[in-house]
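Presented below is the structure to which this report refers.
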Amino acid sequence: MALLKAHYYRSASYYLSGLIDSALIHANLSLEIAQLTQEPSYLIDANNLLGTVISQSGDYTRALEYQLTALHQAEIHQDSSRMATAYSNIDPLITII
C-alpha cells in the first residue's frame, strides 16, 4: 500500500504544480497498483485522480470514462463521499464535451 500511496500523492503533487506529464505517469502507476490490490477505496481514488489529470491534457472523453468508473465503483460500495467527488468532477466534463 505504501507504494500505491507514494505514486498517488506524487501524482497529485505534480498535478498541483502543473507538471501534467509527470502527474499522468504516477496516476497510471497508482491505478495499476490499485487494480492489483482490489481495494475499493484505492480503485475509486486512483480512477478519480487519473480522470482529473487526463482532463488537464484536454482528453475530456477519456477523462470522463475514468470519472464514470470511479462513480460506478463508489455506487457499488455505497461510498457517498467518493460519489460526491466523482459527480463534482463529472459535471464540468459533461459541460465541455
Side-chain angles (χ1 to χ4, degrees):
M1 296 301 162
L3 185 59
L4 183 151
K5 290 179 181 181
H7 285 297
Y8 180 89
Y9 289 117
R10 184 167 287 166
S11 176
S13 177
Y14 282 135
Y15 170 78
L16 293 172
S17 299
L19 301 169
I20 303 305
D21 289 339
S22 296
L24 187 57
I25 290 168
H26 290 282
N28 273 311
L29 288 170
S30 71
L31 180 59
E32 287 177 23
I33 296 167
Q35 288 170 335
L36 293 173
T37 68
Q38 289 299 305
E39 172 60 38
S41 62
Y42 294 134
L43 283 166
I44 296 164
D45 290 346
N47 275 290
N48 180 10
L49 177 62
L50 192 51
T52 300
V53 172
I54 289 172
S55 71
Q56 292 301 305
S57 71
D59 191 348
Y60 303 116
T61 302
R62 193 164 142 231
L64 181 60
E65 290 172 10
Y66 284 102
Q67 295 296 351
L68 290 172
T69 298
L71 175 61
H72 179 68
Q73 292 168 343
E75 289 173 338
I76 289 171
H77 297 286
Q78 299 178 349
D79 188 329
S80 59
S81 175
R82 287 181 170 87
M83 280 190 276
T85 300
Y87 277 122
S88 69
N89 290 330
I90 289 168
D91 185 54
L93 293 172
I94 291 175
T95 304
I96 293 170
I97 296 174

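With sequence neighbours excluded, the residues satisfying ring-ring contact (aromatic ring centres under 6.0 Å, His included) with Tyr14 are His26. Scored by the side chain to side chain contact (heavy atoms under 4.5 Å, CB included) test, Asp45 finds Tyr8, Arg82 as partners (sequence neighbours excluded). Remark: Asp59 engages Arg62 in a salt bridge (Lys or Arg N to Asp or Glu O under 4.0 Å) (not counting sequence neighbours). Under the rule for a side chain to side chain contact (heavy atoms under 4.5 Å, CB included), the partners of Ile94 that lie at least two apart in sequence or sit in another chain are Leu64, Ile90.
A pairwise comparison of heavy atoms in Leu29 and His7 identifies CD1-CE1, 3.3 Å as the closest pair. The minimum heavy-atom distance linking Leu93 with Ala63 is given by the pair CD1-C, 3.9 Å. Among all heavy-atom pairs drawn from Ala34 and Ala46, the shortest one is CB-CB, 4.1 Å. Contact record, Ala86 with Gln67: CB-O, 4.0 Å, taken as the closest heavy-atom pair. Shown here for Ala27 and Val53, the closest heavy-atom pair between the two residues is CB-CG2, 4.5 Å. Between Thr52 and Asn89, the shortest heavy-atom distance links the atoms OG1-ND2, 3.8 Å.
Taking OG from Ser55 and CG from Leu50, the interatomic distance works out to 10.0 Å, rounded to the nearest 0.5 Å. Summarising the geometry, atom CD belonging to Glu39 is positioned 14.0 Å from atom CD1 belonging to Ile33; distances are rounded to the nearest 0.5 Å. Here Leu43 contributes atom CG and Thr37 contributes atom OG1; the two are 5.5 Å apart, rounded to the nearest 0.5 Å. Rounded to the nearest 0.5 Å, atoms CG (Leu36) and CD (Gln38) are 8.0 Å apart. Here the CD1 atom belonging to Ile54 is positioned 9.5 Å from the CG atom belonging to Leu49, to the nearest 0.5 angstrom. In this structure, CD1 in Ile44 is found 6.0 Å from NE2 in His77, a value given to the nearest 0.5 Å.
No side-chain heavy atom of Arg10 sits less than 4.5 Å from a side-chain heavy atom of Ser13.
A ring pair (Phe, Tyr, Trp, His ring centres under 6.0 Å) check over residues 40-68, counting only residues at least two apart or in different chains, returns nothing. The salt bridge (charged side-chain N to carboxylate O under 4.0 Å, His left out) pairs that include a residue from residues 20-34 number zero, where partners must be two or more places apart or lie in different chains.
Criterion: ILVMFWY side-chain heavy atoms under 4.5 Å apart, direct or through other members. Under it, Leu68 and Tyr87 are part of a common hydrophobic cluster. By the rule that hydrophobic residues join a cluster once side-chain heavy atoms approach within less than 4.5 Å of another member, Ile20 and Leu16 end up as members of one cluster.
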